[in-house]
Amino acid sequence: SLPEPPGTEETMASKLRVNRGDRFPDLALTDASGGAVTLDEARQSGSLTLVNLWATWCVPCRKEMPALQALSEELGQGLSVIGLSVDTGASQQQVARTAKRLGVTYPVFTTEEPVYPHIFSGEEVFIPLTYLVDEAGLVVEVISGWSEAAEQRVRALVR
């Protein structure tokens, strides 16, 4: 008999360098005021961190960000949310304006170094992409897009 074809989750995992159980890269980030920080420094100790990769031009990203904001407010200390813009050529001010327009108050960062080679294993890039990272910096969950099922998985892990 033939093996079963890979499912959606397995297909996505094959296109990523960082998967469940891996350490999330400690990227050099720029905050809204232009200050430098690393991702490990930006994560809140004692809570899970949702790292959301997005771009100002990405319509699905802009649709999910208000839902991430609401989840962040509701779950409080148990979950911190970080937005990481993968825009190339957009200034931190453009990124911050987009986040503000969407009602996002969680920290939103840009990075000078390209994020793509750290996250994606090939030339295919897909966003929005969200990583749930534990206190040790290990990936607990990888979520492509955002849905009610994804939200329920995050809620179950936070509690």
Side-chain angles (χ1 to χ4, degrees), residues 12 15-19 22-135 137 139-155 157-158:
M12 181 181 70
K15 297 175 182 183
L16 297 171
R17 288 192 192 281
V18 182
N19 284 291
D22 294 338
R23 177 145 174 62
F24 197 84
D26 188 23
L27 302 167
L29 307 176
T30 303
D31 65 20
S33 65
V37 65
T38 67
L39 186 64
D40 283 352
E41 293 168 340
R43 290 188 300 111
Q44 276 184 333
S45 64
S47 70
L48 292 171
T49 303
L50 209 87
V51 180
N52 176 247
L53 280 68
W54 69 285
T56 57
W57 48 262
C58 171
V59 173
C61 299
R62 292 193 314 257
K63 286 185 177 180
E64 80 175 3
M65 290 172 76
L68 296 177
Q69 175 66 37
L71 189 65
S72 170
E73 291 171 5
E74 181 185 332
L75 297 179
Q77 296 295 341
L79 178 73
S80 64
V81 177
I82 292 175
L84 178 54
S85 168
V86 297
D87 281 289
T88 53
S91 69
Q92 178 59 37
Q93 290 77 23
Q94 289 171 300
V95 169
R97 275 194 307 270
T98 300
K100 184 177 181 180
R101 198 169 44 246
L102 295 169
V104 169
T105 61
Y106 56 79
V108 175
F109 298 95
T110 58
T111 181
E112 291 297 318
E113 64 181 307
V115 172
Y116 304 113
H118 294 282
I119 304 295
F120 300 99
S121 63
E123 292 187 20
E124 187 175 353
V125 174
F126 47 93
I127 55 171
L129 183 64
T130 302
Y131 283 90
L132 187 62
V133 180
D134 71 10
E135 297 86 358
V139 175
V140 177
E141 191 72 52
V142 182
I143 303 164
S144 178
W146 193 252
S147 65
E148 191 172 311
E151 183 176 332
Q152 294 309 317
R153 285 196 327 247
V154 170
R155 287 177 183 281
L157 291 165
V158 170

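Keep in mind that what you see is a predicted model, and the values were worked out from it rather than measured.
Taking both residues in full, the closest heavy atoms of S47 and L79 are given as CB-N, 4.1 Å, listed atom of the first, atom of the second, then distance. Nearest heavy-atom pair, L16 versus S121, reported as atom, atom and distance to 0.1 Å: N-OG, 3.6 Å. Shortest non-hydrogen contact noted between V108 and Q92 is O-NE2, 3.5 Å. Nearest heavy atom pair, residue D87 against residue W57, reads OD1-CD1, 3.1 Å. Scanning all heavy atoms of the two residues, the minimum distance from Y106 to V81 falls at CB-O, 3.4 Å. Closest approach of S144 to L129, counting heavy atoms only: CA-CD1, 4.1 Å.
Here the side chain of D134 pairs no donor or acceptor atom with the backbone of L48 at under 3.5 angstrom. A donor-acceptor contact shorter than 3.5 Å is absent between the side chain of Y131 and the backbone of L53. No donor-acceptor pair closer than 3.5 Å links the side chain of S72 to the backbone N or O of L68.
Remark: D31 engages S33 in a side-chain hydrogen bond (donor to acceptor under 3.5 Å, both in side chains) (not counting sequence neighbours). Applying the side-chain hydrogen bond (donor to acceptor under 3.5 Å, both in side chains) criterion to Q69, with sequence neighbours excluded, gives E73, T105.
Side-chain contact check for T49 and S80: at least one donor-acceptor pair (N or O, by modelled atom type) lies under 3.5 Å.
R43 contributes atom CZ, which lies 9.0 Å from atom OG1 of T38 (distance to the nearest 0.5 angstrom). Of the inter-residue distances, the one linking R97 atom CZ with L102 atom CG reads 13.0 Å to the nearest 0.5 angstrom. Taking CG from D40 and CG from D26, the interatomic distance works out to 3.5 Å, rounded to the nearest 0.5 Å.
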Let me have the donor-acceptor pairs involving side chains of residues 60-67, under 3.5 Å, with sequence neighbours excluded, atom names and distances please.
unit_1 : atom_1 : unit_2 : atom_2 : d
R62    : NH1    : T56    : O      : 2.6
E64    : OE2    : N52    : ND2    : 2.6

### Intermediate values then yes/no, side-chain contact (heavy atoms from CB on, under 4.5 Å), Y116 and V86
CA-CA 8 Å; Y116 304 113; V86 297; 3.7 Å; yes
